[in-house]
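Notes to accompany the following structure.
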Amino acid sequence: MKRILIQNAVIINEGRKVLGSVVIEGEKIAEILVGDQKAVAPCDEIIDATGCYLLPGAIDEHVHFRDPGLTHKADITTESRAAAAGGVTSIMDMPNTNPQTTTLEALNEKLILLAEKSAVNYSCYFGATNNNYTQFSQLDKHRVCGVKLFMGSSTGNMLVDRMASLRNIFAGTDLLIAVHCEDQGIIKENTDKYKKEYGDDVPLALHPVIRSEEACYRSSELAVKLARETNARLHIMHISTAKELSLFENIPLAEKKITAEACVSHLIFTEDNYQTLGARIKCNPAIKSASDRKALQEAVVSGLIDAIATDHAPHLLSEKEGGALKATSGMPMIQFSLVSMLELVDKGVFTIEKVAEKMSHAPAQMYNIQKRGYIREGYFADLVLVRPGNEWTVTTDCILSKCKWSPLEGHTFNWKVEKTFVNGHLLYNNGIIDEEYRGQELFFER
């Protein structure tokens, strides 16, 4: 079995930062060597990682790879390669595709598609509807990462808005229920108000006013209430407001049944960016104020927010034209998610240990993923080697997502992903992707 030595890296893992080396043997981490410790046996390949940081590969539990049915804008092949280039080694795909992943047949077909096309490790959600909760008991808890529930209408319109259905969903499974929370009644009221003033397409700057703080809070508050009533395992995705943070507890992750996610876009952009980036940063829930962004960043540090994901959601630029009601919501973020968070390390917002915790350890723990998310002997060698002080600028030609644009075009980063290992395989190496490699299906210990 081939042995690879990654030598002289600063290893970031479980709150520690140590100079050392890692031995990969086959698919697994065989040895973790601190300082000058030597490997117990010779290695076939030595990678000099001097000056680099070695992190566990990021686990992005919130992506829209658009496959099947929407592959004109993205597909599993292109987006999983973008993930690998960004240091993301595992993904969990959302159900708002065509057909929607809301039947057992569609779920099995999605998993087959992921096995055939995904360069990185994968799972996918089963989508909740107003009446499919009776199928929850037939889901394989070791293969399905969770149930996705839209309590606010977004791309694909999988809105569940009947109170009886919501109660059945929350009471109907012990799987993690991942929820998009925006109150549709408040959004409709705001939409109607501004359409009277501006006509069919409202100015983009009013997107965060239409999809307001109150719309987010009311829906998140209801989700927490239902979860507590039914003792459900709730995960609220893409928290975007300071007000919502009052709904969560700052206790150890292992003790939580209700968890929260922040997305990269809400951690780096503010509503002021609409002036320069326009609909490129239009997403649901909307990018909010600078004070909201600061509160979210602080909540990541304090522990109120448990994980950082992307809500990677590619669209063609032609679909992003128009204002608050016409431009499609969503943006491609996965290729630049890790370096964006490492930029916040340079700004003193996070520590690099915190980035590893929120992008790797916490998703592995929250979803009970078997032997991933940490740099531990016997775990799968899902690793990313990043180099600081290496300036480069995002340009169209380096974007691997099929849509070929990013809201970060023209931005210069000082961190660079050099190598990404998936199951011990060097999948991404300084701009080159191994196009033949396919990742593995994630296994959940439940």
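Comment: Lys326 does not engage Asp201 in a salt bridge, judged by the lack of any side-chain N to carboxylate O separation of less than 4.0 angstrom. Between Glu409 and Arg280, at least one side-chain nitrogen of the basic residue sits less than 4.0 Å from a carboxylate oxygen of the acidic one, meeting the salt-bridge criterion. Ion pair Asp192/Lys196 not flagged as a salt bridge, since none of the NZ, NE, NH1 or NH2 atoms sits closer than 4.0 Å to an Asp/Glu carboxylate oxygen. At a threshold of 4.0 Å, the pair Asp75-Arg66 does not count as salt-bridged, since none of the basic side-chain nitrogens sits closer than that to a carboxylate oxygen. Under a 4.0 Å N-O distance rule, the pair Lys358/Asp306 does not qualify as a salt bridge. Remark: Glu229 engages Lys225 in a salt bridge, criterion side-chain N to carboxylate O under 4.0 Å.
A donor-acceptor pair shorter than 3.5 Å can be found between the side chains of Ser329 and Lys282. Side-chain contact of Thr310 with Ser337: a donor-acceptor pair under 3.5 Å is absent, judged by distance alone. Defined by atom type and a distance below 3.5 Å, a donor-acceptor pair is missing between the side-chain atoms of His315 and Lys320. For the residue pair Asp311 / His64, a side-chain donor-acceptor distance below 3.5 Å is found, with atom types taken as modelled. Between the side chains of Glu353 and His361, no donor N or O sits under 3.5 Å from an acceptor N or O. Between Ser220 and Glu244, the side chains place a donor N or O and an acceptor N or O closer than 3.5 Å (distance only, hydrogens not considered). Under the 3.5 Å distance criterion, with hydrogens and angles disregarded, a donor-acceptor pair is assigned to the side chains of Asn121 and Asn423. Inspection of the Thr393 and Thr395 side chains reveals no N or O donor paired with an N or O acceptor under 3.5 Å. When only modelled atom types and interatomic distance are considered, His238 and His180 share a side-chain donor-acceptor pair under 3.5 Å.
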So Val209 and Lys193, side-chain contact (heavy atoms from CB on, under 4.5 Å) or not? Walk me through it. CA-CA 11 Å; Val209 179; Lys193 173 186 172 182; over 6 Å; no
Would Glu79 and His312 count as a side chain to side chain donor-acceptor pair (under 3.5 Å) if you check the C-alpha gap in whole Å, the side-chain angles of each, and the deciding distance to 0.1 Å? CA-CA 9 Å; Glu79 307 317 293; His312 176 79; 2.8 Å; yes
Using the side chain to side chain donor-acceptor pair (under 3.5 Å) rule, take His62 and Glu261 through it: C-alpha gap first, then chi angles, then the decisive distance, then the call. CA-CA 9 Å; His62 190 172; Glu261 166 202 284; 2.9 Å; yes
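Side chain of Lys257 to main chain of Asn231: a donor-acceptor pair is present (N/O by atom type, distance under 3.5 Å, no hydrogens or angles).
Taking the six-membered ring for Trp and thresholds of 30 and 60 degrees, Tyr367 and His235 have ring planes more than 60 degrees apart, a perpendicular arrangement.
Partners of Glu214 by salt bridge (charged side-chain N to carboxylate O under 4.0 Å, His left out), not counting sequence neighbours, listed by chain and number: Arg218, Lys243. With sequence neighbours excluded, no residue forms a salt bridge (charged side-chain N to carboxylate O under 4.0 Å, His left out) with Asp200.
Atom CD of Glu377 sits in a crowded spot, with more than 12 heavy atoms from other residues, nucleotides or ligands closer than 6.0 Å. Heavy atoms of other residues, nucleotides or ligands lying less than 6.0 angstrom from CD of Glu105 number 12 at most. By the 6.0 Å contact criterion, CZ on Arg446 is enclosed, its count of non-hydrogen atoms from other residues, nucleotides or ligands being greater than 12.
Annotation: side chain to side chain donor-acceptor pair (under 3.5 Å) contacts involving residues 142-151, sequence neighbours excluded, comprise Arg143-Glu441.
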